[in-house]
Amino acid sequence: MHEPQDLQGEAKADDDLILSVEDLAVHFPMGGGLLGHGKRVLRAVDGVDLKLKRGECLGLVGESGSGKSTVALSILGLLTPTRGRIVLDGQVVANRPSGDRKSLARTVQIVFQDPYASLNPRQTVRRTLEDPLRVHGVTAKSEIEDRVAAMLRHVGLRPEQADRYPHEFSGGQRQRIGIARALILNPKIVICDEPVSALDVSIRAQIINLLLELKDTLGLSYIMISHDLGVVEHMSDRVAVMYLGRIVENGDWREIFERPAHPYTQALIAAIPDPLHHAPLATTGGDLPNPLDPPNGCAFSPRCRYADAVCRREPGPALETRADGHSVRCWRADEIAGQAALASTEGGHP
């Protein structure tokens, strides 16, 4: 495993960018045999580039095991990258001492998938929201009370509910508490890690609409991590598609959903019930390959209906950015995109 680079310090800021991830890699050494022989490396993330603009929602999608959560933990400063560079609001994230981690927490927070598991059942809502404020230096009782009450109103709860415990709330209300906890320090970026997948279908739309409303009201930037492209399509301005630790497609949400250029993206979109009111563009079989033993050539080739000899022989090309800003990593991207466009023009039939 490579030694982590010393990435601390300031970076030249682009006023429009709140986050820049450059060549991020997170590798984990796995146990080998006697004296370490046969030791292997799990490349959970391997050369990811991402950019998030102020006020934007970036959808990060892919199957379980594709590396989405590892990227999120690296941005939060909870995993040290093997290599790469993360610039968060002009500051480079890496090996931060505890004081700098506090500063990072005031910039980026996370909403977890399971609201019940992520809340302390022994703490009231008031305690859950007050503790981060005290840790970060807010000591005036009146200010703490005002901020807790205001945040509960922001997420659609009543201030008098602050003295209840998590088990006294419904699943949707608990997720509202989780959102309030993420926002209580006034962060600039919120990472939403499957924020509605554990909720009943009947209340998912309520939480999605709440997140969109808070984004506009508080001027937030989101990273929406999900395997549900229906949610991503509704919330995201841009979409990045991950497969086996790498970005395989990246672009404006409309480009991704209407003119997908990577066969894996096509397969994900085809899995949405009645996607965009047309027939599936593609399907894929099999499971995500073992990241400890990735296939030869393009990692997606064993599951790809377009794969030919070069796909099975050569690793996927570099992520190529086109004139319209749409990026794709595929040897046959132009041909596949052309077929997708033709299918869309002819009413969705491949």
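As a basis for the values below, the full set of heavy atoms in this structure was taken, side chains included, without hydrogen atoms, waters or symmetry mates.
Classification of R127 and D131 as a salt-bridged pair holds, one side-chain N sitting under 4.0 Å from a carboxylate O. The pair E314-R332 does not meet the salt-bridge criterion, since no charged nitrogen lies less than 4.0 angstrom from a carboxylate oxygen. With respect to D16 and K51, no salt bridge is recorded, no charged nitrogen being found less than 4.0 Å from a carboxylate O. Salt bridge present: K188 and D89 bring a charged side-chain N and a carboxylate O closer than 4.0 Å.
L78 and V71 end up in the same hydrophobic cluster when Ile, Leu, Val, Met, Phe, Trp and Tyr side chains are linked at under 4.5 Å. Under the 4.5 Å side-chain heavy-atom criterion for ILVMFWY residues, a single connected hydrophobic cluster contains both L218 and I177.
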query: Could you go step by step and tell me if N250 and R238 meet the side-chain contact (heavy atoms from CB on, under 4.5 Å) rule?
result: CA-CA 7 Å; N250 191 344; R238 288 188 303 111; 3.5 Å; yes

message: As a quick check of understanding, evaluate side-chain contact (heavy atoms from CB on, under 4.5 Å) for L24 and D46, giving each step before the final call.
response: CA-CA 6 Å; L24 178 68; D46 198 26; over 6 Å; no

task: Starting from the C-alpha separation in whole Å, work towards a yes-or-no answer on side-chain contact (heavy atoms from CB on, under 4.5 Å) for I247 and D49.
output: CA-CA 8 Å; I247 301 293; D49 296 297; over 6 Å; no

- prompt: Given the rule in the side-chain contact (heavy atoms from CB on, under 4.5 Å) test, do V93 and V108 qualify, once you have shown the distances and angles that lead to the verdict?
  reply: CA-CA 11 Å; V93 178; V108 58; over 6 Å; no

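Listed by first and then second residue, the side chain to side chain donor-acceptor pair (under 3.5 Å) pairs involving residues 159-170 are R126-D163, R158-E160, S170-Q173 (not counting sequence neighbours). Legend: ring-ring contact (aromatic ring centres under 6.0 Å, His included) pairs involving residues 226-250, not counting sequence neighbours, sorted by first then second residue: Y243-Y264, Y243-F300.
To the nearest 0.5 angstrom, L220 atom CG is 11.5 Å from Q109 atom CD. Distance check, rounded to the nearest 0.5 Å: CD of Q206 to CG of L211 gives 12.0 Å. Remark: R204 CZ to N209 CG distance equals 14.0 Å, nearest 0.5 Å. From S64, atom OG reaches atom CD of E194 across 7.0 Å, with rounding to the nearest 0.5 Å.
Within the 4.5 Å cutoff, the side chain of L229 has heavy atoms near those of the I269 side chain. Counting only heavy atoms from C-beta outward, the side chains of V87 and L19 never approach each other to under 4.5 Å. V61 places a side-chain heavy atom less than 4.5 Å from the side chain of V239. With a 4.5 Å cut-off on side-chain heavy atoms, R174 and L119 count as touching. In this structure, the side chains of V190 and L183 come closer than 4.5 Å at one or more pairs of heavy atoms. For the pair S236 and E56, the minimum side-chain heavy-atom distance is 4.5 Å or more. Using a 4.5 Å heavy-atom cutoff, the side chains of P294 and L244 are in contact. Put simply, the side chain of I179 reaches to within 4.5 Å of the side chain of I207, judged on heavy atoms.
Although no hydrogens or angles enter the test, the distance criterion places a donor-acceptor pair under 3.5 Å between the side chain of T107 and the main chain of S103. In this structure, the side chain of D200 does not engage the main chain of S202 through any donor-acceptor pair within 3.5 Å. Formation of a donor-acceptor pair under 3.5 Å by the S301 side chain with backbone atoms of G297 is not found in this model.
Minimum interatomic distance between A72 and I225 (heavy atoms only, all atoms of both residues): CB-CD1, 3.5 Å. Between A162 and T124, the shortest heavy-atom distance links the atoms O-CB, 3.7 Å. Scanning all heavy atoms of the two residues, the minimum distance from Q266 to P260 falls at NE2-O, 3.4 Å. Taking each heavy atom of G171 and I203 in turn, the nearest pair found is C-CD1, 4.4 Å. A pairwise comparison of heavy atoms in H326 and R259 identifies CE1-O, 3.4 Å as the closest pair. When all heavy atoms are compared, the tightest approach of A299 to P289 is O-CG, 3.9 Å.
For NZ of K215, the number of neighbouring non-hydrogen atoms (other residues, nucleotides, ligands) closer than 6.0 Å is greater than 12. By the neighbour-count criterion of 12 heavy atoms within 6.0 Å, atom CG of N296 is sparsely surrounded, having that number or fewer from other residues, nucleotides or ligands.
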Which pairs would a plain distance check flag for residues 134-156, meaning a side-chain donor or acceptor within less than 3.5 Å of a matching protein atom at least two apart in sequence or in another chain?
unit_1 : atom_1 : unit_2 : atom_2 : d
R134   : NH1    : E130   : OE1    : 3.1
H136   : ND1    : R106   : NH1    : 3.0
R147   : NH2    : I184   : O      : 2.9

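The residue from I75, I110, L50, D193 that alone fulfils the side-chain contact (heavy atoms from CB on, under 4.5 Å) condition with I223 is I75.
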